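Here the structure comes first, spelled out in structure tokens, and everything after it is commentary.
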Amino acid sequence: DTGVSQDPRHKITKRGQNVTFRCDPISEHNRLYWYRQTLGQGPEFLTYFQNEAQLEKSRLLSDRFSAERPKGSFSTLEIQRTEQGDSAMYLCACRGPSNYGYTFGSGTRLTVV
Amino acid sequence: GENVEQHPSTLSVQEGDSAVIKCTYSDSASNYFPWYKQELGKGPQLIIDIRSNVGEKKDQRIAVTLNKTAKHFSLHITETQPEDSAVYFCAATGGGFQKLVFGTGTRLLVSP
């Protein structure tokens, strides 16, 4: 148990459908990150929240992607009109206010068919 | 922005041997360098990290060295065991939001 929960673990969807993933970070970890990992690659940064504020977004995050963190607790990542190229592992990570180390969740594996 | 290169992409060793994985980074402002182990179907797990004001750090069989001048850092695993088999990622970060930039990973296979 890493302390970061992601739901669902796996999602298969048809091209063009919308999907939403949820991340529950470690409580009191005010900094939350979303990453995307494709097969054989390292995770790539998507977006960053400090409390409820979304402070940085990668250019990888197209207009079809949106992320929220209401009340600075859990976060959601939504992908609209999914494409086959969106197939990947979506990872959530968090950090506390006074440490450097990230804790990652187990990820949500998305397959777009 | 930061760019991290990692070598080798695959590494096969016999149980008990040592394994070394090397990374270089491009941004001299980077100040934190973690290493992650990722097993199949799981998220990355932090195994050791080093900050830029330290040259070496050791934790049992695992050590990390940092050369700021050359902008490279390395992971050393001694007395490898089959359970060390996994994909290892280096990363670097710096700046206000401390987002991690990862290397491309090294698949380590330890044969009994």
Side-chain angles (χ1 to χ4, degrees), chain A residues 1-10 21 23-26 29-51 53-61 88-109 111, chain B residues 1-10 21 23-25 27 30-54 57 59 62 64 66 73 75 86-108:
Chain A
D1 183 8
T2 64
V4 179
S5 297
Q6 290 191 245
D7 184 70
R9 292 293 310 275
H10 304 275
F21 311 140
C23 171
D24 286 273
I26 296 170
H29 278 206
N30 62 331
R31 291 174 284 187
L32 187 146
Y33 304 78
W34 283 98
Y35 283 78
R36 181 172 69 185
Q37 185 177 25
T38 53
L39 201 62
Q41 298 297 315
E44 296 176 294
F45 170 78
L46 291 179
T47 191
Y48 164 66
F49 287 86
Q50 184 164 312
N51 301 311
Q54 187 175 21
L55 297 184
E56 187 172 355
K57 293 193 293 185
S58 164
R59 54 189 166 83
L60 290 176
L61 215 64
M89 173 80 86
Y90 290 84
L91 293 161
C92 175
C94 63
R95 295 171 64 217
S98 57
N99 61 14
Y100 279 77
Y102 282 50
T103 300
F104 279 86
S106 293
T108 294
R109 179 165 295 284
T111 303
Chain B
E2 177 65 278
N3 182 53
V4 177
E5 295 189 355
Q6 183 172 346
H7 301 280
S9 57
T10 59
I21 302 171
C23 289
T24 59
Y25 62 99
D27 188 351
S30 290
N31 60 6
Y32 174 66
F33 307 92
W35 286 88
Y36 286 85
K37 176 182 182 182
Q38 188 172 28
E39 296 174 325
L40 196 63
K42 297 184 178 180
Q45 179 185 10
L46 179 68
I47 57 171
I48 196 167
D49 56 11
I50 193 168
R51 294 176 61 178
S52 57
N53 58 349
V54 175
K57 184 177 177 181
D59 182 4
I62 295 173
V64 57
L66 171 65
F73 56 114
L75 177 71
V87 179
Y88 291 81
F89 290 97
C90 63
T93 189
F97 299 143
Q98 295 283 312
K99 66 174 181 284
L100 290 175
V101 177
F102 284 83
T104 49
T106 296
R107 181 172 299 280
L108 174 64

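Computation of the quantities below employed the complete heavy-atom set of this structure, encompassing side-chain atoms and omitting hydrogens, waters and symmetry-equivalent molecules. These numbers come from a predicted model, not from an experiment. In what follows, every chain begins at residue 1, and chains take the letters A, B, ... in the order their sequences are listed.
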Subject >> Geometric cation-pi criterion B:K99 and A:F45, 6.0 Å radius, 45° cone >> reply: yes
**OP:** Quick one: which of A:E56, A:Q41, A:M89 has the most heavy-atom pairs under 4.5 Å with chain B, could you say?
**Re:** A:E56
Original post:
Quick one: what part of A:L55 sits under 4.5 Å from any heavy atom of chain B, side chain, backbone, both or neither?
Top reply: both
Subject >> Verdict with reasoning, A:Y33 to B:L100, per side-chain contact (heavy atoms from CB on, under 4.5 Å) >> reply: CA-CA 9 Å; A:Y33 304 78; B:L100 290 175; over 6 Å; no
Original post:
Which heavy-atom pair separates B:Y32 from A:G101 by the least distance, and what is that distance?
Top reply: OH-CA, 3.4 Å
Original post:
Side chain, backbone, both or neither: which part of B:Q6 has a non-hydrogen atom closer than 4.5 Å to chain A?
Top reply: neither
**OP:** Could you tell me whether A:Y102 and B:Y36 have their ring centroids closer than 6.0 angstrom?
**Re:** no
Subject >> Contacts of A:Q54 that satisfy side chain to side chain contact (heavy atoms under 4.5 Å, CB included) - sequence neighbours left out >> reply: A:T47, A:F49, A:K57, A:L61, A:A67
Original post:
So, A:R109 side chain and B:G41 main chain: donor-acceptor pair closer than 3.5 Å or not?
Top reply: no
Subject >> Between A:E44, A:Q37, A:Q6, A:H10, the one whose heavy-atom pairs under 4.5 Å with chain B are most numerous >> reply: A:Q37
Original post:
For chain A, which residues from residues 44-52 of chain B have at least one heavy atom closer than 4.5 Å to it?
Top reply: B:P44, B:L46, B:R51
